[in-house]
Amino acid sequence: MTSVSPTAIVTDPVLIFFIVLVIILLAPLLLNKIKIPHIIGMIVAGVIVGPYGIGLLARDASFQIFGQVGILYLMFLAGIEIDMYHLKKNLKKGMTFGTYTFLIPMILGTVTSYYFLHLDWLTSILLASMYASHTLVAYPIISRFGLTKSPTVIITIAGTIVTVLGALIVLAVCVGIHNDGEFNASEVLMLLLRLVIYSIAVIYLFPRITRWFFKNYSDSVMQFIFVLAMVFLASCTAGLIGLESVLGAFFAGIVMNRYIPNMSPLMNRIEFVGNAIFIPYFLIGVGMLINVKVIFAGWNTLYVAIMMSVVATLCKWLAAWVTQLTYHMSALDRKMIFGLSNAQAAATLAAVMIGYNLGIFDESILNGTIVMILVTCTISSIVTERAATRMKMEQLENAENNTDTSSDRSLNTMIAVANPLTVPGLVELAVLLRNPYSKGGHLYAAHVRSDNSAGSKAMGRNSLDLAIQTGASVDTEILPIERYDLNFVTGLINTVEERDISNVIIGMHRKATVIDSFFGSKIERLLESTHKMVVITRCFIPVSTITRIVVSVPDKAQYEIGFKRWVMAIANLTQQLGCRVIFCCNPEVKPYIRGVLHSEKYEIRSEFRDVEEWDDFVLLANRILDDDLFIVVNARRASVSFNPSMEELPGFLQKYFSRNNLIVLYPEQFGESTITVSAYNPLGGDVVSKGELWVRLAHYWRQLIQLRKRFTHRKRINKIDI
């Protein structure tokens with residue numbers, strides 16, 4: 001490889017950063033018009049402005065630092081955005097693909113290097129390990145299309161770790177043989193031992209430290225800095241023990257995945273900084289390494305470059321093809337796997353520099369590697385862009401065909417905000433309860449006041465502004481509603497009717513006096529005045545640190561009108577948090593919950609525990625931990641799923657669950673509300689039709705029968721283990 005020009009035209013740091021920002025800005029704008037992935041544009045721009053182009057910029061320490069940070073950030077995003085449920089589900093396929101994409105390049109690359117490039121066996125094996133490893137250069141394309149949770153993408157990411165580890169071991173063996181003249185098994189065993197110890201330490205320590213920090217510090221900037229510090233700690237530690245630093249970054253993303261929901265302000269900041277600064281810097285830095293002139297330096301260099309590019313691309317295509325045949329995947333899946341796994345960059349460059357410095361590789365291999373990086377990154381970006389476009393179109397077509405679910409997911413939600421201190425938590429919960437792919441429906445934040453004092457107005461506007469800011473941090477529009485009405489309940493009810501609200505989310509009342517009720521008079525009147533779904537929440541810790549969700553479901557809950565909606569809301573919450581949900585319910589309700597999860601294609605970790613009596617959840621008090629979220633699905637009086645034991649719910653919650661994270665959920669019941677609200681009686685009342693009256697009388701008769709059974713035969717829930 002020819003030497004780098006000692007000087008550059010531009011040396012002023014401010015001007016250098018400006019030029020880089022212009023490249024990051026213009027590359028997508030210009031190349032999108034000619035249907036070329038902007039990733040290629042950044043690499044090509046790096047070639048042009050770099051030391052091997054016009055020499056406008058030098059690849060100085062800033063590009064080396066930001067470039068290294070960029071590749072670590074890229075692997076961290078791959079780990080933190082991965083769906084853990086699908087990772088466990090597709091882990092076997094990922095390991096299989098990783099084996100294919102490692103062995104096929106090792107075998108084919110070694111043979112072609114020995115017979116066509118006329119290298120010795122040691123050099124051929126080391127060169128083949130470069131073919132085996134790959135870098136997820138095209139991952140930003142996947143992220144932009146929202147396909148990071150696709151099973152095909154997860155399979156490729158899992159395979160990437162396998163092949164990078166394999167290439168690392170081969171590199172260590174080859175370097176050991178070159179230095180010592182013989183194979184040293186003890187070094188390989190020590191490397192594997194360090195890997196095991198490192199993995200155990202990260203898995204044990206990182207989640208506990210992260211959970212503790214997020215519980216005690218809610219400042220968004222501090223959380224962001226903490227996450228970056230943990231990522232680079234894992235990367236630095238991996239490098240110190242002889243592993244690739246990219247493995248440490250990916251591993252940190254995997255173990256911290258659980259505490260950074262996809263629809264959260266922290267995730268939004270992490271993705272923004274990476275995609276806007278660090279990853280483009282890495283791509284431009286890769287372009288600066290490429291010297292196109294080496295292609296014309298001589299026939300031997302051109303021959304080596306062509307041979308390396310063809311073999312590297314062919315091996316990755318064969319690995320994707322064999323994986324497709326093994327698991328009967330589609331041609332589109334094969335293209336996605338091939339596109340993501342074809343690019344050679346960071347690991348390949350590190351291996352060739354080590355081999356070149358040790359004298360294992362000559363200058364023709366070094367120059368051929370640079371050309372191979374340009375060719376494979378270009379092919380990877382184009383193939384991935386086309387495959388991602390088709391895959392996204394298929395997802396949208398399937399979503400449009402499912403008209404029933406789309407209508408259910410376009411419902412309006414209202415958050416009742418009063419105290420600025422509780423607004424961020426309520427908005428975050430509301431966002432997590434919604435389906436992230438919902439096309440319709442609005443999210444409102446409502447503040448109701450009954451006086452026009454300056455303090456009340458300031459409190460309301462501050463709460464609404466904070467709700468809007470919190471929603472904007474996760475790219476969610478919050479529509480503010482500031483209302484003056486007779487009282488809090490009247491204002492909410494009128495807003496529900498005027499804006500066609502389907503779900504109401506409100507913070508749980510904190511008892512002010514001894515005689516005060518658990519829910520408070522406002523919430524109790526709200527429940528009496530509307531039949532819409534009401535979610536009453538009280539969380540002592542951030543929602544992102546929840547480890548389990550335990551749901552208590554009453555008998556006959558499947559007959560309520562809002563049954564499907566609340567199951568979907570809990571499924572959305574579980575999916576976003578990546579935790580498991582345990583439904584404690586009657587065996588008759590279980591198949592209906594499973595049916596909703598299956599029909600709506602929620603792939604979450606769900607478990608069921610049989611409960612014969614609704615109030616048996618009291619015995620779970622000692623088994624629900626501080627990091628759990630306990631959800632009680634309740635029912636309004638005279639609804640189908642109501643039973644007399646529910647009258648004792650406030651006392652149960654106050655006595656046994658006063659220190660637990662709690663949500664009390666009232667599903668939509670009785671169909672369309674027939675409540676009237678007047679100035680004389682602002683609280684309204686229940687008005688039922690004759691048909692509903694007969695249904696309720698029949699229900700009361702069934703309740704009397706159940707009460708009789710309850711006194712004669714009562715099986716407690718001691719056998720339940722959650």
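Positions are given from 1 along the sequence.
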Query raised in the report: Distance-only, no hydrogens or angles: does the T163 side chain make a donor-acceptor pair with backbone N or O of G159 under 3.5 Å?
Result: no
Query raised in the report: Under 30°, 30 to 60°, or over 60°: which ring-plane class applies to Y73 and F76, parallel, tilted or perpendicular?
Result: perpendicular
**Report entry** Under-4.0 Å salt bridge between R390 and E385
**Finding:** no
Query raised in the report: Any chance OH of Y327 has more than 12 other-residue heavy atoms, nucleotides or ligands included, within less than 6.0 Å?
Result: yes
Query raised in the report: Quick one: are I373 and I43 in side-chain contact, heavy atoms under 4.5 Å?
Result: no
Requested in this report: State yes or no: are the ring centers of F63 and Y281 separated by less than 6.0 Å?
Outcome: yes
Query raised in the report: For the side chain of S599 and the backbone of V596, is there at least one donor-acceptor N/O pair under 3.5 Å apart?
Result: yes
Query raised in the report: Closest approach of T148 and Y139, non-hydrogen atoms and distance?
Result: CG2-OH, 3.3 Å
Query raised in the report: So, the side chain of Q575 versus the backbone of Y602: is there a donor-acceptor pair under 3.5 Å, distance only?
Result: no
Query raised in the report: Any chance the side chains of Q324 and S330 put a donor and an acceptor closer than 3.5 Å?
Result: no
Query raised in the report: Do V69 and F232 pass the side-chain contact (heavy atoms from CB on, under 4.5 Å) test, and can you show the C-alpha distance, the side-chain angles, and the key distance before you say yes or no?
Result: CA-CA 9 Å; V69 171; F232 291 106; 3.6 Å; yes
**Report entry** Parallel, tilted or perpendicular: ring planes of W121 versus Y115, cut at 30 and 60 degrees
**Finding:** perpendicular
Query raised in the report: Centre of Y592's six-membered ring, under 6.0 Å away, within 45 degrees of the axis: is that where NZ or CZ of R594 sits?
Result: no
Report task. Apply the side-chain contact (heavy atoms from CB on, under 4.5 Å) test between T574 and each candidate in I604, L432, V551, L597; give the one that qualifies. Result -> I604
Query raised in the report: Is any side-chain N of the basic residue among E603 and K601 closer than 4.0 Å to the acidic one's carboxylate O?
Result: no
Report task. Would you name the heavy atoms of I80 and N257 that are closest together and state the gap between them? Result -> O-ND2, 2.9 Å
Query raised in the report: Can you check whether F338's main-chain N or O pairs, donor with acceptor, with N342's side chain at less than 3.5 Å?
Result: no
**Report entry** Flag, side chain of R194 to backbone of I241, donor-acceptor distance under 3.5 Å
**Finding:** yes
**Report entry** Side-chain heavy-atom pair Q223, T210 within 4.5 angstrom cut-off
**Finding:** no
**Report entry** Side chain Y198, main chain A234, donor-acceptor under 3.5 Å
**Finding:** yes
Requested in this report: Please report the shortest heavy-atom distance between M391 and D333, naming the atom on each side.
Outcome: CE-OD1, 3.8 Å
Report task. State, with a plain yes or no, whether a side-chain heavy atom of S473 is found less than 4.5 Å away from one of N268. Result -> no
Query - Any donor-acceptor N/O pair, S309 side chain to I306 backbone, under 3.5 Å - result: no
Query raised in the report: Can you tell if the side chain of T152 reaches within under 4.5 Å of the side chain of I337, non-hydrogen atoms only?
Result: yes
Query raised in the report: So, for L87 and I154, which heavy atoms are closest and what is the spacing to 0.1 Å?
Result: CA-CG2, 3.7 Å
Query raised in the report: Does the side chain of Y100 come within less than 4.5 Å of T326's, by heavy atoms?
Result: yes
Query raised in the report: Given side chains that start at C-beta, do those of I71 and L74 come closer than 4.5 Å, heavy atoms only?
Result: yes
Query raised in the report: Do the side chain of T237 and the main chain of L233 share a donor and acceptor less than 3.5 angstrom apart?
Result: yes
Query raised in the report: When you measure from the side chain of K316 to the backbone N and O of A132, does any donor-acceptor pair fall under 3.5 Å?
Result: yes
Query - For R605 against G578, the heavy-atom pair lying closest together - result: NH2-O, 3.0 Å
Query - Closest contact, heavy atoms only, L332 versus A387 - result: CD1-O, 3.6 Å
Requested in this report: Please check if atom CE in M307 has more than 12 non-hydrogen atoms from other residues, nucleotides or ligands closer than 6.0 Å.
Outcome: yes
Query raised in the report: How about D628 and T547: does a side-chain donor come under 3.5 Å of a side-chain acceptor?
Result: yes
Requested in this report: Show your reasoning for whether side-chain contact (heavy atoms from CB on, under 4.5 Å) applies to M106 and I125.
Outcome: CA-CA 7 Å; M106 285 300 303; I125 292 174; 3.8 Å; yes
Query raised in the report: Between F226 and F213, does the ring centroid distance fall short of 6.0 Å?
Result: yes
Query raised in the report: Between the main-chain N or O of T110 and the side-chain N or O of S113, is there a donor-acceptor pair closer than 3.5 Å?
Result: no
Query - ring-ring contact (aromatic ring centres under 6.0 Å, His included) partners of F250, counting only residues at least two apart - result: none
Requested in this report: Verify side-chain contact (heavy atoms from CB on, under 4.5 Å) between F361 and T123, making sure each step is shown before the conclusion.
Outcome: CA-CA 7 Å; F361 293 144; T123 307; 3.6 Å; yes
